[in-house]
Visitor: 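Questions regarding the structure given below will be posed in turn.
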Amino acid sequence: MDHSLATLVRPAAARGLQPVPRAWQRRYARVLLLADGVAILFGVFATQALWLGLHRTEVTGAPVDYLTLSALLSGAWVAVLALFNTRAPRVIGYGASEYRLVISASLHLFGAVAIANYLFGTEVSRGYFLLSLPLGTALIVGGRILCRSWLRAQRGQGRMTARVLLLGDAPECARVSSELDRQPSSGLQIVGTLSTDPASGQHVKWGEDDAARLRSALAAAQADTVLVAGGASLDAQQIRRIGWSLEPGRQHLVVAVNLTDVAGPRIHTRPVAGLPLVHVETPRYSHRQFLLKRGMDIVGSATILVILAPLLAALGLGVRLSGPGPVLYRQERVGQGGVPFGMLKFRSMIDGADARLGELLAAQGSDGQPLFKVTNDPRITPLGLILRKYSLDELPQLWNVLRGQMSLVGPRPQREAEVAFYDDAARRRLIVRPGMSGLWQVSGRSALTWDDAIRLDLFYVENWSLVGDIVILARTFKAVVMPGESAR
C-alpha cells in the first residue's frame, strides 16, 4: 500500500496561490444577479421612456399601467434567468453556453408574454414589446461579458478557481496539467498531484487507507476537486470508490477523457447501460453554416469598406508619401484548398523588400523554419511600423474578403514556402478560407510558436461557430486598439 501511490502535493504557499473556498461561485452568482437586474431594469424602463414616456399609461384591456407592467416584466425576467440555470455553477464562466441560455430564457419569456397578451385580449404596445426584448437581452449579455472579463482577471491572480488535485499516472497528469496551464481562465487550478507509481506496474487496489490518503492530500493542498487524468492505471470501480471518498457537495470529482482541442458543442455525453458514453461529432461545415459565414463576410466587409473609406484614402496617401514603391503590396498566398491568390496590404516596407527576405532569415538563423518573421526587420518604413502595430496595413484585405478569397475570420494565409513545412495535421488549415484575423492572432500574435499557432488554427477549423467568429472579431478590435508587445 505504501508503495502503490506516489504523493506529489504542492502546498498553496509554494506556488503563490491563495486558499479559495468553493463559495466563490455563490459570490459570483450574486454579482451576476446584480448585473442582470441592473441591465433588465435599464432596458425595460428605458424602452418605456423612449416609446411611451414614464407615465402611468394604462395597458389597454389590462388592470395595470405600463410602470407596473415594466416592474412585473423585470421581475419575471430575473426569475426566468434563474429557472434556466444561467447562474448555475456548471455554466458560469465556461464557454458560450451561458450566453445561449440567457438568449433562450429571454425568448421564452417574451414568447410567453405574447401568448398571454393574445389569450387575455390585452393590447401591449408592439414597439414597447419588440424594443425591450433585444435591448434588454443585449444589455444582459454585455453585462455577462464584462463580468466574465473580471472573472478572468481574478483567475489570473489565482482567485475564484476550483483548486484541483490531479490523480493518475505521471504521463497523463503531465498532459492534463499542460493543457490547463495554457488556459488559466478555465477556472481549474492545479495545486497538487497524487500519482500512481509507474514503477509498480500494477493497478492500485483502492481501499480505506487510500481513501484516507486522498482526503489527507486534499487537505494538504487545500483542494476541492479531484481530477482523474485518464484511466490507464485506475479501473472503473476504483474511480467510483474515489467518488465515495469525497465529501458530498463540497468536494468534486472530474474525469478527463483522452481528448484535446474539441469544443463543447461537438461533445455530447449520454449514459447507456451505466456507461457514460462521450459522443464526439465529426468536424464538418453544413450548407447553413457556409451561408451564415459567407453572408457575414459579405455584409461585414462591404460595411467596413464604406465606413472606413476616408481612412483608407488617408492611409493610401501616407504610404505614397512614405517613399518610392506602390501603395498596395500584392503577395501570393495559399488559400482554401491550396489555391493561390493575391493578398493585398498597404505597403509597409521599402520597395523590393522581398529580395532581402532570405538573407535576413539566414542571418537570424531561421531560414529553415516556418513562420517567416524577421526580428527587428530593417526593411520596414517608419510609417510601416505604425501600420503594422495597429494592423492598419491589413485593411485592403477587406477587398479579398468581398471577392471570396478570404474570410473576416480564419487561419492566416501563408506563403507557398511556408505551406511546404505543413504535415498532415497542419494541412487541415486549408479546409476553410483564410482570414484577416484568427484565433492565434488574438492569442499572442507574433509571440506564439509555430506549434501553438497551428494548434489554435486547427481548433478553429474543427470547432467553427458563428458565435466564435463574433468573439474573435471583438477580441481583434480590442487587440487593434490596445496592441501589446507582440504586435509587429
Side-chain angles (χ1 to χ4, degrees), residues 297 301 304-305 308 311-312 315-320 322-364 366-422 426-427 429-438 440-441 445-446 448 450 453-454 457 476 480 483 486-488:
D297 286 341
S301 60
I304 297 173
L305 280 170
L308 297 184
L311 175 62
L312 292 170
L315 292 175
L317 178 60
V319 173
R320 169 63 68 188
S322 68
V327 172
L328 292 179
Y329 168 70
R330 183 181 183 277
Q331 185 179 69
E332 186 172 283
R333 297 290 180 104
V334 179
Q336 186 179 25
V339 178
F341 71 99
M343 188 183 76
L344 299 176
K345 284 188 176 187
F346 281 124
R347 181 175 56 82
S348 60
M349 293 185 175
I350 59 175
D351 194 25
D354 281 347
R356 297 185 57 192
L357 178 60
E359 166 198 340
L360 293 171
L361 290 174
Q364 70 178 17
S366 58
D367 52 329
Q369 302 173 13
L371 285 180
F372 293 169
K373 295 287 185 181
V374 178
T375 306
N376 299 321
D377 199 328
R379 302 171 298 165
I380 302 176
T381 64
L383 177 62
L385 289 172
I386 299 174
L387 295 178
R388 288 185 167 216
K389 183 176 180 63
Y390 294 97
S391 300
L392 296 174
D393 61 321
E394 311 282 356
L395 289 178
Q397 290 161 36
L398 290 166
W399 180 248
N400 292 119
V401 175
L402 196 58
R403 293 185 61 189
Q405 298 167 323
M406 294 179 64
S407 176
L408 291 174
V409 181
R412 282 297 290 169
Q414 295 187 299
R415 300 175 176 89
E416 180 65 37
E418 292 176 301
V419 173
F421 286 97
Y422 284 6
R427 195 162 289 276
R429 298 172 84 251
L430 304 179
I431 292 176
V432 299
R433 284 192 182 96
M436 288 185 64
S437 183
W440 74 264
Q441 281 83 1
R445 299 179 75 170
S446 300
L448 290 179
W450 168 256
I454 290 297
D457 278 343
T476 301
V480 169
S486 63
R488 58 178 184 267

Visitor: Please tell me if the side chains of Val409 and Asp297 come closer than 4.5 Å, counting only heavy atoms from C-beta onward.
Guide: no
Visitor: Using side-chain contact (heavy atoms from CB on, under 4.5 Å), reason through Ile454 and Arg429 one step at a time and then give a plain yes or no.
Guide: CA-CA 8 Å; Ile454 290 297; Arg429 298 172 84 251; 3.4 Å; yes
Visitor: What pair of heavy atoms forms the shortest contact from Pro413 to Gly435, and how long is it?
Guide: CD-O, 3.7 Å
Visitor: Give the C-alpha distance, both sets of side-chain angles, the deciding distance and a yes or no for side-chain contact (heavy atoms from CB on, under 4.5 Å) between Leu312 and Phe346.
Guide: CA-CA 9 Å; Leu312 292 170; Phe346 281 124; 3.9 Å; yes
Visitor: Roughly how far apart are Tyr422 OH and Leu430 CG, rounded to 0.5 Å?
Guide: 5.5 Å
Visitor: Indicate yes or no for a side-chain donor-acceptor contact from Asp393 to the backbone of Lys345 under 3.5 Å, with no hydrogens or angles considered.
Guide: no
Visitor: Please round to the nearest 0.5 Å and tell me the distance separating atom CG of Leu392 and atom OG of Ser348.
Guide: 11.0 Å
Visitor: Sub-3.5 Å donor-acceptor pair from the side chain of Thr381 to the main-chain atoms of Gly384, do we have one?
Guide: yes
Visitor: Got a second to check how far Ile350's CD1 is from Ser322's OG, nearest 0.5 Å?
Guide: 11.0 Å
Visitor: Quick one: closest heavy-atom pair of Leu402 and Ser301, and the distance?
Guide: CD1-OG, 3.4 Å
Visitor: Please round to the nearest 0.5 Å and tell me the distance separating atom OG1 of Thr476 and atom CD of Glu394.
Guide: 11.0 Å
Visitor: Testing the basics here: between Leu328 and Pro396, what is the closest heavy-atom pair and its distance to 0.1 Å?
Guide: CD2-CG, 3.7 Å
Visitor: Taking it one step at a time, do Arg333 and Phe341 satisfy side-chain contact (heavy atoms from CB on, under 4.5 Å)?
Guide: CA-CA 6 Å; Arg333 297 290 180 104; Phe341 71 99; 4.1 Å; yes
Visitor: Could you check whether any side-chain N or O of Arg347 sits under 3.5 Å from a backbone N or O of Pro326, counting only pairs where one atom can act as donor and the other as acceptor?
Guide: yes
Visitor: When Ser407 is tested against each of Arg433, Met436, Gln336 for side-chain contact (heavy atoms from CB on, under 4.5 Å), which residue passes?
Guide: Arg433
Visitor: Under the 3.5 angstrom rule, does the side chain of Arg403 hit a backbone N or O of Gln405 as a donor-acceptor pair?
Guide: no
Visitor: Is there a side-chain contact between Val319 and Leu383, using heavy atoms and a 4.5 Å cut-off?
Guide: yes
Visitor: Measuring from Gln397:CD to Met343:CE, what's the distance to the nearest 0.5 Å?
Guide: 4.5 Å
Visitor: Can you confirm whether Val432 sits close enough to Pro411 that some side-chain heavy atom of one is under 4.5 Å from a side-chain heavy atom of the other?
Guide: yes
Visitor: Is the backbone of Arg415 close enough, under 3.5 Å, to the side chain of Glu418 for a donor and an acceptor to pair up by distance?
Guide: yes
Visitor: Taking the side chain as C-beta and beyond, is there a heavy-atom pair between Gln414 and Val334 under 4.5 Å?
Guide: no
Visitor: What distance separates Ile304 CD1 from Leu395 CG, expressed to the nearest 0.5 Å?
Guide: 8.5 Å
Visitor: Is a donor on one side and an acceptor on the other found under 3.5 Å between the side chain of Asn400 and the backbone of Leu344?
Guide: yes
